[in-house]
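Remember, it's 1-based here, ligands and their atoms both numbered in the order they're listed. Computed from a predicted structure; not experimentally measured.
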Amino acid sequence: MNIAQATPLGDDPTLFESLFELIANDIVEKGYSICPYALPENLTSLLLQHITHLPEGNFKRAGIGRAKDHVINDFIRTDEICWITGNSEAGGAWINWAGLLQNYLNKRLFLGLFSFESHFSHYAKGDFYKKHKDAFKGEDNRVLSVVVYLNPNWSAEDGGELIIYPPQAAQSSIIDNGKITVTPNFGTIVVFLSEEFPHEVLPALRDRYAIAGWFRLNTSIANNIDPPR
Ligand SMILES: O=C(O)CCC(=O)C(=O)O
Ligand SMILES: [Fe+2]
């Protein structure tokens, strides 16, 4: 199977226009978008096949913080990750799709998204990721988070839901008011403004596979090239 057969990608952005338009409108209106079963099925299947055949050693315990501040913290997150490169057919097809979304959002919303980084994640039974934000104002240049789920037949007993909390300013004194629960089902896409939405992954009760990615602004200055991770 080659990429052209496996994913209806080519470089034709019009193929995904209605999905990308939905995401763009949601981002403008709410700052987040949840699209169940929205990633093309052949791309989702290719990614699932790839992630479930990756050698165990390719996954590393996920940490928190960047570069020199990177630490493993068992109280915050326990999942394992593998950064995605374009070196595999599945990785290449995913990066291509993300690039089309990036171009669309830049044209439509003038977001100035400059680069994209993403990793596969594996939550084994019991794994979780406590409430966090993907970026902090003034500290990071992750602008938009995108998460895609690769789990067929996920049911309510399987846990592992993504909980998205409303932006701090919108929170009332009622705890958990307005939180959004997302089931990590095959092909579901979640996009949100990285600095605005705290979120967490509840403990998964079976193997849970996903991709988490971030579109970033360019903060490189002069000779200080900003590393992508
Ligand atoms: O897998 C998910 O639902 C979200 C993961 C996440 O929040 C992250 O990797 O930053
Ligand atoms: Fe996150």
Side-chain angles (χ1 to χ4, degrees), residues 23 26-27 31-39 44 47-48 50-52 54 58-67 69-84 91 94-95 98 115-137 139-152 154-156 158-168 179-216 228-229:
I23 294 173
D26 279 349
I27 296 295
Y32 69 89
S33 181
I34 298 164
C35 305
Y37 311 105
L39 197 70
T44 319
L47 289 163
L48 175 60
H50 182 74
I51 195 173
T52 49
L54 275 174
N58 288 28
F59 281 90
K60 302 275 181 286
R61 274 295 309 280
I64 51 173
R66 296 171 81 86
D69 297 327
H70 187 91
V71 288
I72 305 291
N73 185 325
D74 284 336
F75 295 104
I76 297 189
R77 71 185 297 189
T78 57
D79 58 316
E80 292 190 329
I81 63 164
C82 172
W83 288 96
I84 302 178
W94 161 250
I95 289 170
S115 66
F116 181 67
E117 57 184 346
S118 61
H119 61 60
F120 292 113
S121 65
H122 172 218
Y123 290 71
K125 192 171 176 188
D127 283 345
F128 59 84
Y129 193 167
K130 289 272 168 63
K131 188 171 172 183
H132 66 280
K133 281 205 264 180
D134 288 346
F136 291 90
K137 286 197 171 70
E139 282 184 20
D140 203 302
N141 56 353
R142 285 177 168 179
V143 179
L144 201 63
S145 303
V146 50
V147 186
V148 164
Y149 300 107
L150 306 175
N151 311 293
W154 196 268
S155 71
D158 295 329
E161 294 92 345
L162 171 71
I163 308 292
I164 301 176
Y165 296 88
Q168 240 81 50
K179 72 180 184 186
I180 301 145
T181 302
V182 183
T183 305
N185 245 320
F186 191 76
T188 295
I189 302 171
V190 180
V191 183
F192 57 92
L193 295 172
S194 305
E195 290 178 349
E196 301 294 335
F197 293 91
H199 53 281
E200 75 176 305
V201 179
L202 299 182
L205 302 177
R206 68 158 161 112
D207 286 313
R208 174 194 196 269
Y209 294 101
I211 291 175
W214 299 273
F215 293 105
R216 306 177 75 207
R229 282 168 212 159

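The protein non-hydrogen atom at the shortest distance from atom 3 (O) of ligand 1 is Tyr149 OH, 2.5 Å. Atom 1 (O) of ligand 1 has its closest protein heavy atom at Arg208 NH1, 2.9 Å. Nearest protein heavy-atom neighbour of atom 8 (C) of ligand 1: Tyr129 CE1, 3.6 Å.
Judged purely by distance below 3.5 Å, without hydrogens or angles, the side chains of Trp214 and Ser194 never pair a donor atom with an acceptor atom.
Between His199 and ligand 1, an N or O atom pair is found at a separation short of 3.5 Å. The shortest N or O to N or O distance between Trp214 and ligand 1 is not below 3.5 Å.
The only member of His132, Lys130, Lys131 that meets side-chain hydrogen bond (donor to acceptor under 3.5 Å, both in side chains) when paired with His199 is His132. No option in Lys179, Lys133, Glu200 other than Glu200 meets the side-chain hydrogen bond (donor to acceptor under 3.5 Å, both in side chains) test with Tyr165. When each of Trp154, Tyr37, Tyr149 is tested with Asn185 by the rule side-chain hydrogen bond (donor to acceptor under 3.5 Å, both in side chains), just one qualifies, namely Tyr37.
Vertex the Fe ion (ligand 2); arms to Asp134 OD1 and His199 NE2; angle rounded to 10 degrees, 100°.
Heavy-atom proximity to atom 4 (C) of ligand 1, evaluated over Val201, Asp79, Leu202, is greatest for Val201.
Under 4.0 Å from ligand 1, the heavy atoms of Asp134 that appear belong solely to its side chain.
His132 contributes NE2 as its N, O or S atom closest to the Fe ion (ligand 2).
Listed by number with element, the atoms of ligand 1 under 4.0 angstrom from any heavy atom of Ala212 are 9 (O). Near Val147, meaning under 4.0 Å from one of its heavy atoms, ligand 1 places the atoms 1 (O), 2 (C), 3 (O).
Across every non-hydrogen atom of Pro167 and Phe197, the tightest pair is CD-CE2, 3.4 Å. Closest approach of Ser121 and Phe59 over heavy atoms only: C-CE2, 4.4 Å. Scanning both residues, Arg206 and Asp158, for their nearest heavy atoms gives NE-OD2, 3.2 Å. Nearest approach of Cys82 to Leu54, heavy atoms of both residues: SG-CD1, 4.0 Å.
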